[in-house]
Amino acid sequence: MTLRNRAGRRLGITDPAPDLSWSDAGDAYQVQLSDSASFASFLADSGRVPGAPLWVPWPGPELTSRQRVHWRVRVETGGSWGDWQHDWVEAGLLSSSDWTAVLIASTSEKGAPRFARAVELPAAPVHARLHVTALGVHEVTLGGVPVSDEVLAPGWTAYESWLPVDTYDVTELLHEGVNELAAVVGNGWWRGRIVSQHRKEAYGPSRALLLQLEITCADGTTVVAATGDGAWTLTHLDLTDDLYDGTHERNRHERSGAQITHADSLHGELAARTGPPVRRTETLAARPLGEGLYDAGQNLVGWLRLHLRTSESCTVTVRHAEVLHEGTLATAPLRSAKATDTWELSAGEHVLEPRFTFHGFRYAHVDTSAEVLAVEAVVVGSDLPPAAEFACSDPRLEQLHSNTVWSMRGNFLSVPTDCPQRDERLGWTGDIAVFAPTAALLADTHAFLRDWLRSLRAEQRPDGQVPVVVPDVLPPGGFAGLVGFAGWSDAAVLVPWWVAQRSGDLGVLRESLDSMRGWVDWVHGQCENGLWLREKQLGDWLDPAAPPENPWMASTDSGFVANALFVHSTRLLAASLELLGEDASGYGALAEGTAARAWARWGHHAVTTQTGCALALRYGLVPDTERVSVGAQLARLVEENGGRIGTGFLGTPEVLFALSDAGHVDAAYQLLLCTECPSWLYAVEHGATTIWERWDALRPDGTLNLGTGGDGGGGMLSFNHYAYGAVCTWLHEVAAGLTVRTLPEPVIRVAPMPGGGLTHARSEQSTPRGAAEVAWEISDGCLHVECLVPRGFRAVLAPPNGPTIPLPVGRSHHVLDLWS
Ligand code: BGC
C-alpha cells in the first residue's frame with residue numbers, strides 16, 4: 001500500500017496539517033499519529049472509522065516548526081485488519097520568527113556569487129537540517145559535496161507572492177571539527193533573461209541567499225549557521241549563466257574581495273513546494289555524427305555531459321538545436337536564445353556539465369581541440385512519477401504517445417511551460433489548460449500543479465482576470481492587456497478540475513474555488529446580451545488553416561470558441577460547487593443560457609469547421625435534437641479533408657472524442673491515422689520524437705515553418721510543445737478503452753473501441769487506489785479483454801456492441817463478440 005500526504009514531501013513541509021491518503025480501500029480504517037517511530041504513545045488516534053475516503057484531514061494537532069510526526073494507517077477488509085503501514089512528515093520553519101537568517105546578496109554584475117563560511121562542530125552531529133532558498137537558483141555544498149541532487153532549486157514561482165524553501169537532512173555530510181559550507185547562486189528566472197531579447201532582471205537586480213543550518217551535536221550543543229550572521233565570505237566564480245543563453249565557465253577561478261550586502265526584505269511568503277524537485281532524471285548516450293556533431297536520439301531537455309582530455313589549456317563550446325537543417329544545427333527556431341555552453345579548460349581530464357541553465361535539443365555541436373572521450377545527454381525536469389503506459393499494434397501510435405510523454409517531461413520543469421528551447425519557456429496558461437486532462441493521466445501531477453495553481457491564484461487580478469502566463473512575467477507594453485483570454489485564462493478552472501478528478505482530492509477544488517468563480521464571474525460580467533463578444537482572442541490557436549504569421553486567425557470564429565469555453569468552465573465550476581456541497585444552480589442556468597445563445601448566433605458557422613463541431617458537441621452547445629446531425633457533419637468534414645486535422649490548440653483535445661461519442665469511430669481513426677500534413681502521424685513519420693508546436697513545423701518540402709512569412713527573423717517554431725499531445729487521452733480512454741474518474745465517486749469504465757486496423761491495445765493507469773489496466777486483443781473474430789480493477793472502484797465494461805456489465809475487482813477476462 002502506498003501512503004502519501006498532501007504536502008507532497010516528507011521533510012520540511014510548511015503545511016502544518018497535511019491531509020493524508022493511502023491506496024488500499026477497505027470497509028474501515030484507523031490512523032494514528034505519534035512522536036516516535038515505535039508508536040509508544042499517540043498524538044492522535046482516529047479509532048475505527050467506517051468507509052474508504054481517498055483523502056482524510058490531518059487527524060491530530062497541527063505540526064509545530066521542526067516537529068517530526070510519524071503516522072500509520074491500517075485498513076479493515078471483510079472483518080479483519082491489515083498490517084499497519086508507516087510514514088512520517090517533518091515540518092520546516094513554519095513562521096518567519098523561526099528564521100534568524102536574513103537574505104545576503106551580491107550586487108556585483110559579473111560572475112556567480114559564492115557565499116561560504118566554516119561551520120565548526122564541537123562533537124559529532126546527530127541531527128542537522130539545512131533550510132535554504134535564493135533569489136536566483138542555488139547549489140549548496142558541505143565539504144564540497146552537494147546537499148541534494150536537485151538542480152535549478154528553488155524553481156520558479158510567483159516570487160512576489162511566495163518563495164519556495166527546501167529543507168535537507170545534512171547530518172551525514174557534517175563531522176566534528178571544521179566543515180565548509182558554500183552556496184553558489186545563479187541568475188535563473190530571477191535575474192536572467194526572460195521573455196525576450198532585452199528583458200533581464202525580471203524580478204530584481206541582485207542574486208541573494210537565505211540559508212539556515214541547524215545542528216545538534218552528540219554532546220548536546222546546538223550550532224546554527226545562518227546567512228547574515230557575519231561569518232560569511234563572498235567570492236565570485238568566473239561563470240556567466242543564463243537559462244536561455246547557456247553558461248560560460250572560465251578556468252574555474254574565483255575572484256575575491258566582494259562586498260556582501262543585505263538584500264531587500266522579502267515580499268512573499270516562505271513556503272515549501274509540494275511538487276517534486278527538478279533533477280537529472282535520465283542519461284542517454286549521444287551518438288557522434290561526425291565533425292563534432294552529436295545526436296541524442298531524442299529531442300529532450302537538459303544538457304550534455306562531456307568527458308574530455310586535454311594536454312594543454314583549451315576551450316570547449318557546445319551549441320544545441322532540436323533539428324538539423326542541411327546537416328547543421330538549425331538554430332533559427334531558438335530565436336535569440338544562444339543555447340551555448342563554453343568552458344575554458346586547463347590541461348587534464350574533465351567531466352563537464354553546464355550550471356544554472358537548460359537546453360531543449362536533440363543535436364549538439366561540440367567544438368574543442370580536447371580529446372572527446374564520451375558524450376552523454378542528461379535529461380532534466382521536475383521528477384514526476386509516471387502514471388500511465390500505452391501500447392498497441394501500431395508502432396506509430398506508440399511513438400506518438402512517447403512523443404507526448406517526452407514533451408511533457410521537457411516542459412514540466414518547475415512550471416508547465418509552452419516550450420523549453422527558444423527565448424520564451426513561459427507558463428502559458430492555454431497550453432496547460434488544453435493539456436491538463438492528459439498531463440494528469442500521464443503522470444502524477446497533483447503536487448506539481450498545486451504549486452503552479454498557487455502561483456496562478458496569487459497572480460489572478462482582483463477582478464478575476466487570469467494572466468496568459470503564470471508566473472506572470474510579461475512586461476507591460478507590447479504584451480499589455482494579455483489577461484483574460486478564452487482558453488488561456490480557463491486554466492483557472494480546467495487545471496484544478498482535472499487535478500482533482502485524477503487525485504480524488506477535493507481540497508484542490510476547495511483551494512481554487514474562489515479563483516475558478518472569479519474567472520467565470522469576470523467573463524459573465526463582460527457579456528453583452530448574454531454572450532462574451534471580446535474582439536481580441538487567441539482563439540483556436542495554430543489552426544492549420546491560420547496564416548503562419550497570424551496563428552490566432554483560425555477558421556472557427558473566436559467568438560464561438562470563447563463562448564464554448566465559457567460554457568465548459570461554467571459547467572465545471574457548477575460541478576465543483578456541487579461536489580463541495582454548495583449551491584450551483586445559478587451557474588448551471590448560466591451555462592445553459594449561454595450555450596443556447598451561442599448556438600443560435602454561431603451554430604450555422606460552427607458546423608463548418610472541425611473545431612466548431614467538436615466544441616459544440618463536447619461542451620454541450622448543440623441542442624439534443626441536432627446532436628446526431630452535427631456528429632455526422634463532423635465525420636463528413638473529416639472525410640472531405642482527406643482525414644487531415646483541421647483543429648488548433650482548443651479543438652484538438654476534443655475532436656476525436658466528439659467523433660467517437662457520436663458513433664463515428666471510423667472517422668476518428670481516419671483522423672488519428674492520417675499521415676498527410678497536417679496530422680499527428682505526419683510528424684511521427686517525419687521522425688518527430690516530441691510533439692511539434694505547429695502541425696507543419698517541418699513542411700513537406702523539407703523547410704522549417706518559422707511562421708515569419710520567410711523573412712527569417714523572429715518567428716515561432718518549437719519542436720517541443722505538448723498541446724497536440726492531448727490526443728493521448730483518447731488513446732487511453734477510447735482506443736484502449738480505460739476511463740478512470742474519482743469524482744463524485746471512483747468509477748472505471750472499460751469501453752474499448754477497436755478500429756483503424758489495430759489488433760491489440762493496452763492502457764495501464766495509476767489511480768489513487770493502485771493500478772488499473774485494460775488490454776484487448778482481436779483473435780478468432782472476437783475481442784478478448786483483460787481488465788484489472790483496483791478495490792475501491794465501481795467498474796463497468798461497455799462492449800462495442802451489447803449491454804454494459806459490471807466488472808469485478810481484480811483481474812477478469814472477457815470474450816466479446818465484435819460484430820453482432
Ligand atoms: C506560445 C504558445 C502560447 C501562445 C499564445 C506562444 O508564443 O508558445 O504556446 O500559448 O504564444 O499567444
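For reference, positions follow the sequence shown, starting with 1. Note that this is a predicted model, so its numbers are computed, not measured. Just so you know, ligand 1 is whichever comes first in the structure, and atom 1 is the first atom listed for that ligand. Note that these values count all heavy atoms, side chains included, but never hydrogens, waters or copies made by symmetry.
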Does any donor atom in the side chain of [X] or [Y] lie under 3.5 Å from an acceptor atom in the other side chain?
X      : Y      : answer
Trp162 : Ser455 : yes
Ser489 : Gln465 : no
Thr652 : Thr647 : yes
Tyr619 : Asn563 : no

Check: Trp428 N/O within less than 3.5 Å of ligand 1 N/O: no
Any nitrogen or oxygen of Trp541, side chain or backbone, less than 3.5 Å from one on ligand 1? no
Using a strict 4.0 Å cut-off to heavy atoms of [X], name the atoms of ligand 1 that fall inside it.
X      : result
His721 : 1 (C), 2 (C), 8 (O), 9 (O)
Glu693 : 8 (O)
Met716 : 6 (C), 7 (O)
Asp431 : 2 (C), 3 (C), 9 (O), 10 (O)
Glu424 : 1 (C), 6 (C), 7 (O), 8 (O)

Have a look at ligand 1 and work out which part of Leu538, if any, has a heavy atom under 4.0 Å from it: side chain, backbone, both or neither. side chain
At under 4.0 Å between heavy atoms, is it the side chain or the backbone of Arg422 that contacts ligand 1, or both, or neither? side chain
Between Thr404 and Leu400, is there a donor-acceptor pair closer than 3.5 Å when you use the side chain of the first and the backbone of the second? yes
Say whether, by atom type as modelled, one donor and one acceptor occur between the side chain of Ser407 and the main chain of Thr690 under 3.5 angstrom. no
Check the orientation of Phe361 and His359. Use parallel for under 30°, tilted for 30 to 60°, and perpendicular for over 60°. perpendicular
Between the CH2 atom in Trp488 and the CH2 atom in Trp428, the distance rounded to the nearest 0.5 Å is 8.5 Å
Can Phe649 be said to touch ligand 1, with heavy atoms closer than 4.0 Å? yes
Identity and separation of the nearest protein heavy atom to atom 1 (C) of ligand 1: Asp418 OD2, 3.3 Å
